[in-house]
Amino acid sequence: MKARVTVTLKTGVLDPQGKAIEGALRSLGVEGVASVRQGKVFDIEIDAADPAHAEAMLKRASEKLLANLVVENYRVEIL
Amino acid sequence: MKAAVLLFPGLNREGDAMRALEQASGLKPALVWHAEHELPAGTDLVLVPGGFSYGDYLRCGAIAGRANIMDAVRAHAARGGLVIGICNGFQILCESGLLPGVLMRNRDLRFICKMQHLSVERADTPFTTAYRKGQTIKVAIAHGEGNYEADEETIRRLEGDGRVAFRYCDAQGAVGGAANPNGSTNDIAGIYSEKLNVLGLMPHPENLIDPLVGGTDGRGLFASIASFSRAA
């Protein structure tokens with residue numbers, strides 16, 4: 001089974017990297033970019049067959065390590 | 001004073017930290033590998049040095065903060081034992097849950113390596129008795145992620161309980177403004193745990209212990225710890 005965990009910064013947390021990318025896109029002439037927030041994507045292969053079990057395991061993984069809940073949110077998707 | 005200096009792959013300031021501790025206490029600290037489950041018996045102080053543990057992969061300090069030895073460090077801190085984390089060590093203590101908040105990318109996205117003045121916020125903790133309250137000290141900073149952030153409630157609690165250890169200031173002691181190098185909330189350079197026995201700070205006092213290399217303003221921190229341990 002394949003799964004994807006997406007980690008994003010919480011609203012209101014300053015993201016200087018996102019800001020720099022936003023500026024770079026503008027200077028490249030890419031139009032219509034209002035704002036950019038940078039995050040992380042983890043593609044994970046799982047041995048388990050039961051999606052509910054896999055989801056619970058990935059939530060645990062996200063809260064233990066993948067995301068820092070002080071400043072980040074996470075989303076788990078079973079693909 | 002029996003000190004233990006932790007070693008994770010990618011740290012590079014452990015030698016400086018050991019030298020500073022030995023200069024202050026006369027005793028050689030133990031170097032403890034991260035995979036160990038226990039600290040040496042009778043450890044008074046655990047020091048988590050700076051560097052780039054695990055190449056700063058995932059988030060600074062995230063992987064080291066979950067290493068085996070950190071369970072022993074949490075137990076040591078819960079018993080009231082002293083813990084200090086410097087630079088990457090501060091990031092590791094935040095990621096391990098020993099200190100609140102997180103160190104984010106510097107406001108200007110640049111790695112900053114320079115001399116920096118700090119204001120000593122209080123001189124009545126195990127780490128600062130050799131300083132005066134409000135004293136300005138000059139130490140080195142070298143970090144890419146030193147921008148301290150926490151939710152509003154945590155910041156209020158840190159400020160209300162006097163848990164800010166050091167703030168960024170200029171040579172005259174004026175806190176903040178252009179003297180804040182990284183955008184850190186309330187110009188925070190270091191914080192204490194609730195019981196004041198755990199300290200995390202971004203600057204490197206261990207590099208300012210010899211007049212030949214820039215000054216001796218960092219000595220006070222190690223002298224404070226050594227005299228606290230003698231008295232205990």
Side-chain angles (χ1 to χ4, degrees), chain A residues 2-30 33-47 54-79, chain B residues 53-68 70-71 74 88 90-112 143-158 180-188 191 200:
Chain A
K2 285 184 196 291
R4 175 167 288 175
V5 176
T6 310
V7 175
T8 51
L9 279 178
K10 286 184 179 170
T11 322
V13 174
L14 182 73
D15 178 16
Q17 293 177 95
K19 280 268 170 245
I21 295 163
E22 184 185 313
L25 288 174
R26 284 211 190 94
S27 70
L28 286 169
V30 179
V33 176
S35 82
V36 177
R37 307 276 286 165
Q38 185 179 306
K40 297 187 185 97
V41 168
F42 303 88
D43 284 333
I44 301 175
E45 291 219 31
I46 312 166
D47 286 335
E55 194 171 336
M57 184 272 278
L58 288 169
K59 277 192 171 160
R60 216 162 53 239
S62 302
E63 286 171 19
K64 275 178 97 100
L65 180 65
L66 301 182
N68 182 330
L69 301 183
V70 177
V71 284
E72 292 171 328
N73 292 319
Y74 68 89
R75 193 174 69 236
V76 172
E77 294 164 274
I78 305 293
L79 302 174
Chain B
S53 57
Y54 297 94
D56 281 348
Y57 293 172
L58 188 61
R59 298 178 304 275
C60 300
I63 297 177
R66 287 152 181 83
N68 288 342
M70 293 311 292
D71 287 333
R74 273 186 285 267
N88 192 208
F90 183 14
Q91 297 162 341
I92 292 169
L93 293 185
C94 286
E95 281 283 350
S96 73
L98 276 160
L99 290 172
V102 59
L103 282 310
M104 302 284 287
R105 183 62 69 97
N106 293 343
R107 178 189 44 205
D108 298 331
L109 290 170
R110 275 196 297 273
F111 187 95
I112 307 167
H143 60 248
E145 280 91 357
N147 179 353
Y148 183 77
E149 302 272 337
D151 61 77
E152 273 178 41
E153 172 55 28
T154 302
I155 297 290
R156 238 195 326 271
R157 229 173 37 236
L158 289 175
N180 181 334
N182 53 29
S184 194
T185 306
N186 293 9
D187 311 301
I188 289 172
I191 57 167

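Order of the sequence lines sets the chain letters (A, B, ...), proteins ahead of strands, with each chain counted from 1.
In this structure, the portion of B:Arg66 lying under 4.5 Å from any heavy atom of chain A is its side chain and not its backbone. Interface remark: B:Leu58 contributes backbone and side-chain atoms alike to the contact with chain A (heavy atom separation under 4.5 Å). Of the two parts of A:Val7, neither the backbone nor the side chain holds a non-hydrogen atom closer than 4.5 Å to a non-hydrogen atom of chain B. Residue contact with chain B, scored on non-hydrogen atoms closer than 4.5 Å, is absent for A:Lys10. Residue B:Asp108: no heavy atom, backbone or side chain, is found under 4.5 Å from chain A.
Atom CG of A:Leu65 is separated from atom CZ of B:Arg59 by 6.5 Å, given to the nearest 0.5 angstrom. A distance of 7.0 Å separates CG of A:Asp15 from CE of B:Met104, quoted to the nearest 0.5 Å.
Crowding of A:Lys19 atom NZ: a count of heavy atoms from other residues, nucleotides or ligands under 6.0 Å not exceeding 12. Applying the 6.0 Å contact sphere to CZ of B:Phe111 captures more than 12 heavy atoms from other residues, nucleotides or ligands. Remark: A:Arg26 CZ is packed, more than 12 non-hydrogen atoms of other residues, nucleotides or ligands lying under 6.0 Å away. Surrounding CG of A:Asp47 are at most 12 heavy atoms belonging to other residues, nucleotides or ligands under 6.0 Å away. B:Glu153 CD: more than 12 foreign heavy atoms inside a 6.0 Å radius.
Near-neighbour residues of residues 69-79 of chain A relative to chain B, defined by a heavy atom under 4.5 Å from a heavy atom of that chain, comprise A:Val70, A:Val71, A:Glu72.
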